[in-house]
A.B. asks: 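Right, I'll just put the structure down here and ask away after.
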Amino acid sequence: MRLYIDPGTGSMLFAILIGIIGAVSYMLKSWFIKLRFILSGGKKVDAAADRLPLVIFSDDKRYWSVFKPVCRELDARGVDVAYMTASADDPALENEFEHINAQFIGEGNKAFAKLNFLNASVLLSTTPGLDVYQWKRSKQVDYYVHLPHSASDITGYRMFGIDYYDALLLSGEYQVRDVRALEKLRGLPEKEIVKVGIPYMDDMYTRLKAAPELPEHETTVLLAPSWGESAILKKYGEKIVEVLLNTGYHIIVRPHPQSFTSEKDVLDRIMRKYPESEQLEWNRDTDNFDVLRRSDILISDFSGVIFDFALVYDKPVIYADTEFDNSPYDAWWLDTPYWTFTALPRIGQKLTPDNMSSLREMIDACLTDPRYGAGRDEARAETWEHRGEGARLTADYIVDKLKQLSDRGIGEK
């Protein structure tokens with residue numbers, strides 16, 4: 001008989017194990033420093049000799065596009081960065097920057113185990129859940145900074161996703177409002193919040209402007225959902241793919257990377273029923289630039305890719321009514337409207353089970369109706385402040401923070 005441990009219990013046991021290891025590790029390190037002190041004849045030993053000033057942690061290779069513009073800016077300033085990734089095939093491992101030292105630190109719990117004992121001044125990450133499950137705050141890291149990986153609600157993370165960061169680098173005033181409301185409700189100290197914009201969207205826009213004009217092509221529809229119980233593929237399954245194929249347009253389906261793990265049975269079933277053909281593509285590119293560029297319209301749910309497509313590429317969207325269940329997310333705590341759902345009606349049409357049979361007509365209307373262009377302008381102004389300045393402002397903040405910590409002597413503990 002196999003012993004089954006549910007994920008929650010497994011996470012708790014892992015946290016206990018990490019705590020024990022951490023305590024033992026800290027004790028051994030203290031003894032080692034004292035021993036070095038004695039052996040050096042009483043001379044002061046630099047306990048911070050192996051301390052890293054700045055670490056960037058990425059839990060997946062797809063976030064290199066988020067960090068690359070920031071790394072480019074830091075590299076240009078001569079700032080050394082230890083880039084730690086949990087993906088063995090992360091393109092960051094082959095980056096061209098002199099001051100960005102990328103290293104693979106293992107997947108899953110192996111990566112978190114290393115991070116839990118990290119010795120660094122500042123850690124920058126886009127990964128939520130710090131100090132909630134496996135990823136614990138290291139006693140030897142001074143400051144944790146979070147950079148979101150999409151232009152949407154900061155409350156769209158799983159519950160308590162950003163509670164234990166020291167600072168958040170945001171892009172819209174509605175995000176600041178929601179973070180402050182959560183802090184008040186939970187009795188948390190106020191985090192440092194700085195609006196820096198969205199570096200990866202700035203980069204994407206620059207790439208788009210430099211790209212050659214697309215050749216004439218048939219109308220191309222991209223289906224790119226999020227994952228989870230409220231997402232398109234879990235709600236609609238094969239039906240949405242069948243209806244799309246019946247439009248006669250070229251269809252690209254790009255599942256969320258997490259779907260290949262968490263919803264593998266659903267995806268396997270749909271992909272078997274609708275294999276690739278001249279009309280249908282299944283896309284898994286790490287970099288979504290090309291697939292977004294050659295698509296004329298996007299169908300999604302509450303995925304952040306909606307705003308990449310609408311605000312950078314300036315193209316219309318259709319968003320699915322999946323009866324979003326906010327109970328697993330930070331948004332559940334708030335009475336204020338979820339910004340994503342106030343923006344979606346302004347940038348596209350809603351797809352429901354009742355109007356799905358008219359999907360072709362909806363696509364044609366969205367491609368030609370000028371009101372959605374005006375809605376995109378409104379949403380862009382609300383969620384993408386400091387356009388074109390994201391990497392510079394993020395680097396400014398990090399460099400200033402490193403200096404502050406050094407001046408206060410915190411980085412030398």
Side-chain angles (χ1 to χ4, degrees), residues 61-70 72-73 91 95-96 149-152 171 197-225 244-245 247-255 276-300 303-319 343-344 346-349 359-381 383-384 386-392:
K61 63 185 178 181
R62 66 184 182 274
Y63 297 126
W64 175 235
S65 62
V66 174
F67 291 118
K68 185 177 180 179
V70 177
R72 184 191 304 118
E73 183 70 23
N95 79 82
E96 70 276 22
H149 59 257
S150 65
S152 57
S171 63
I198 310 173
Y200 83 89
M201 284 180 62
D202 294 337
D203 232 33
M204 191 180 285
Y205 183 74
T206 299
R207 288 178 68 186
L208 182 63
K209 288 302 178 185
E213 188 174 341
L214 284 169
E216 288 291 326
H217 62 281
E218 60 182 311
T219 298
T220 300
V221 182
L222 172 62
L223 175 66
L244 281 170
L245 290 173
T247 66
Y249 291 139
H250 186 73
I251 308 301
I252 304 173
V253 182
R254 180 181 168 84
E276 283 217 358
S277 64
E278 288 189 8
Q279 187 189 5
L280 174 64
E281 293 179 47
W282 288 91
N283 182 273
R284 294 189 68 173
D285 293 348
T286 301
D287 183 355
N288 65 6
F289 177 81
D290 179 66
V291 71
L292 295 181
R293 179 171 169 258
R294 60 192 178 91
S295 299
D296 298 298
I297 189 168
L298 169 71
I299 299 176
S300 190
S303 171
V305 74
I306 283 182
F307 297 107
D308 293 351
F309 190 80
L311 307 186
V312 176
Y313 295 82
D314 202 29
K315 296 177 182 178
V317 301
I318 291 174
Y319 59 98
L344 289 176
R346 292 178 280 163
I347 64 175
Q349 289 194 29
L359 185 54
R360 164 130 190 180
E361 290 75 15
M362 292 175 63
I363 291 172
D364 293 342
C366 285
L367 287 171
T368 56
D369 194 329
R371 64 179 163 148
Y372 298 119
R376 294 194 292 271
D377 290 339
E378 291 177 3
R380 195 178 289 116
T383 198
W384 192 3
H386 302 295
R387 288 180 62 195
E389 301 180 276
R392 178 183 63 80

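As a basis for the values below, the full set of heavy atoms in this structure was taken, side chains included, without hydrogen atoms, waters or symmetry mates.
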A.B. asks: Please determine which of Lys209, Arg72, Lys68 meets the salt bridge (Lys or Arg N to Asp or Glu O under 4.0 Å) test together with Asp203.
C.D. replies: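 Only one of Lys209, Arg72, Lys68 forms a salt bridge (Lys or Arg N to Asp or Glu O under 4.0 Å) with Asp203, namely Arg72.
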A.B. asks: Any donor-acceptor pair under 3.5 Å linking the side chain of Lys315 with the backbone of Leu298?
C.D. replies: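 Not at all, since once roles are kept as given, no pair shorter than 3.5 Å links the two residues.
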A.B. asks: Indicate yes or no: does Arg360 engage Asp364 in a salt bridge with an N to O separation below 4.0 Å.
C.D. replies: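 Looking at Arg360 and Asp364, the cut-off is met.
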A.B. asks: Applying side chain to side chain contact (heavy atoms under 4.5 Å, CB included) to Ile299 and Leu359, what does each step give before you reach the verdict?
C.D. replies: CA-CA 10 Å; Ile299 299 176; Leu359 185 54; 4.1 Å; yes
A.B. asks: Taking everything shown except Tyr372 itself, do over 12 heavy atoms lie less than 6.0 Å from its OH?
C.D. replies: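 Correct, the count exceeds 12.
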A.B. asks: side-chain hydrogen bond (donor to acceptor under 3.5 Å, both in side chains) with His250: which of Gln279, Glu281, Glu278?
C.D. replies: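 With His250 as partner, side-chain hydrogen bond (donor to acceptor under 3.5 Å, both in side chains) holds for just one option, Glu281.
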A.B. asks: Whether the side chain of Thr286 engages the backbone of Arg284 through a donor-acceptor N/O pair (distance < 3.5 Å, no angle test) should be reported.
C.D. replies: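 The answer is no, because no donor-acceptor pair under 3.5 Å joins these two groups.
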A.B. asks: Between the side chains of Asp202 and Trp384, does any donor sit under 3.5 Å from an acceptor?
C.D. replies: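 Yes, because at least one side-chain N or O of Asp202 sits under 3.5 Å from a partner of the opposite role on Trp384.
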A.B. asks: How close do Ala379 and Ala343 get, heavy atom to heavy atom, and via which atoms?
C.D. replies: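 Taking every non-hydrogen atom into account, CB-CB, 4.4 Å.
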A.B. asks: With salt bridge (Lys or Arg N to Asp or Glu O under 4.0 Å) as the test, pick out the partner of Arg376 among Asp308, Asp314, Asp369.
C.D. replies: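 Per the salt bridge (Lys or Arg N to Asp or Glu O under 4.0 Å) rule, the option paired with Arg376 is Asp314, out of Asp308, Asp314, Asp369.
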A.B. asks: Distance alone, cut at 3.5 Å: any donor-acceptor contact between the side chains of His217 and Asp296?
C.D. replies: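 The answer is yes; a qualifying pair exists.
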A.B. asks: With side chain to side chain contact (heavy atoms under 4.5 Å, CB included) as the test, would you mind laying out the steps for Leu208 and Phe289 before giving the verdict?
C.D. replies: CA-CA 8 Å; Leu208 182 63; Phe289 177 81; 4.2 Å; yes
A.B. asks: Quick one, Asp285 and Arg254 - any side-chain contact, counting heavy atoms below 4.5 Å?
C.D. replies: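 The answer is yes, as the side chains (C-beta and beyond) meet within the 4.5 Å cut-off.
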A.B. asks: Could you walk me through whether Leu367 and Thr219 pass side chain to side chain contact (heavy atoms under 4.5 Å, CB included), step by step?
C.D. replies: CA-CA 10 Å; Leu367 287 171; Thr219 298; 4.1 Å; yes
A.B. asks: Leu214 versus Arg293: any side-chain heavy-atom pair under 4.5 Å?
C.D. replies: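 Of all side-chain heavy-atom pairs linking Arg293 with Leu214, at least one is under 4.5 Å.
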A.B. asks: Could you walk me through whether Asn288 and Arg62 satisfy the side chain to side chain contact (heavy atoms under 4.5 Å, CB included) test, starting with their C-alpha distance in whole Å, then the side-chain angles of each, then the deciding distance to 0.1 Å, before giving a yes or no?
C.D. replies: CA-CA 9 Å; Asn288 65 6; Arg62 66 184 182 274; over 6 Å; no
